[in-house]
Amino acid sequence: MDTLVHPSYLPKPVMPQVPPQQMLLGQKALVTGASSGIGLAIAMALGQAGADVVINYVADEDKAQHACEEIRHLGVRAEAIRADVSDEAQVKAMFSRMLDHFGTIDVLVNNAGLQQDAAFEDLTLAQWNKVIGVNLTGQFLCAREAVREFKRRGVNPAVSCAAGKVLCISSVHEVIPWGGHVNYAASKGGVMLMMKSLAQEVAPYRIRVNSICPGAIRTPINMEAWGTQEAYNELLKLIPYKRIGEADEIGRAVVWLASDYADYVHGISLFVDGGMCLYPGFETGG
Ligand code: NAD
């Protein structure tokens, strides 16, 4: 119980009084790369929390449309918009279509990502550019459009304490080096400092910017790591919690981080990784 008086120069933010299934009621969210894996689970979780959702996809239109139908069954609006996030013109067109349909945007989830792996000496410039283009430049292009709209609109207290939220889906590989995946690790390391620098710059506008860093999550991107019992046993050596993560666990973290329950959480990387960053090689004393 707070017994301190708050003088007028020290206003207390109005905290939400809503049940979890309404944590994002009336908010408009865009999730990139949302026709599969973690992005799909995030889109579903946002819909379950009451948000209207744009599903961005680059391939698999059928899957994107199917996801929209599922989300509409939750009683919220959903729209699928095709765009390659690494292409500036397509990103601008996607945001313009979202603003036409939904009026504004409150939550951007920068999820689209890919891997193109090779031993360093075999890594081509095309593979380097592709991964940096989608995983890093794509996050920049989408965040820039979102921030422009957040600044234009400002805070709408009926919707959220914040003027907008950017959530970057990064990876444990923003801090764990990853041989054979240098382009991927470089892209996620870049996301970390892009996120933190942007967070510092836009905080005065009440725009919140954070990252979620998944560990090993069961999705198509890493099927070779869990597709057989042998591979799974190897994977567990890297996870102190001794199980792989599920995509909806990332979805739940996104809902909390996007909601006003997390209004004072800004500029962080939230690791959802079963302890993968805890140097598991030292589990038994090293
Ligand atoms: P996924 O392959 O199922 O999802 C990636 C999505 O991004 C796909 O839907 C794909 O079509 C989309 N995409 C690729 N290029 C795109 C482009 N140019 N424009 C728009 N969309 C594009 O894999 P996932 O595991 O769900 O990965 C989602 C995010 O999570 C990625 O950023 C990935 O790096 C990150 N991540 C995943 C894991 C994991 O263990 N699965 C761990 C750490 C981080």
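It should be emphasised that the depicted structure is a prediction, and the values quoted were computed from it without experimental measurement. We count ligands from 1, going down the list as the structure has it; atoms in each ligand are counted the same way.
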Which protein residues come within less than 4.0 angstrom of ligand 1, counting heavy atoms only? Gly33, Ser35, Ser36, Gly37, Ile38, Asn56, Val58, Ala83, Asp84, Val85, Asn111, Ala112, Gly113, Leu114, Val134, Ile169, Ser170, Ser171, Tyr184, Lys188, Pro214, Gly215, Ala216, Ile217, Thr219, Pro220, Ile221, Asn222
Between Lys242 and Glu283, is there a salt bridge with N-O shorter than 4.0 Å? yes
For Lys63, what residues pass the side chain to side chain contact (heavy atoms under 4.5 Å, CB included) criterion, not counting sequence neighbours? Ser35, Asp60
Partner residues of Trp256 under the ring pair (Phe, Tyr, Trp, His ring centres under 6.0 Å) criterion, sequence neighbours left out: none
Measure across Ala29 and Ala51 and return the closest heavy-atom pair with its distance rounded to 0.1 Å. CB-CB, 4.5 Å
Taking only residues two or more places apart in sequence, or in another chain, which ones meet Arg218 in a salt bridge (Lys or Arg N to Asp or Glu O under 4.0 Å)? Glu246
Testing the 3.5 Å rule here: is there a donor-acceptor pair between the side chains of Asn135 and Gln139? no
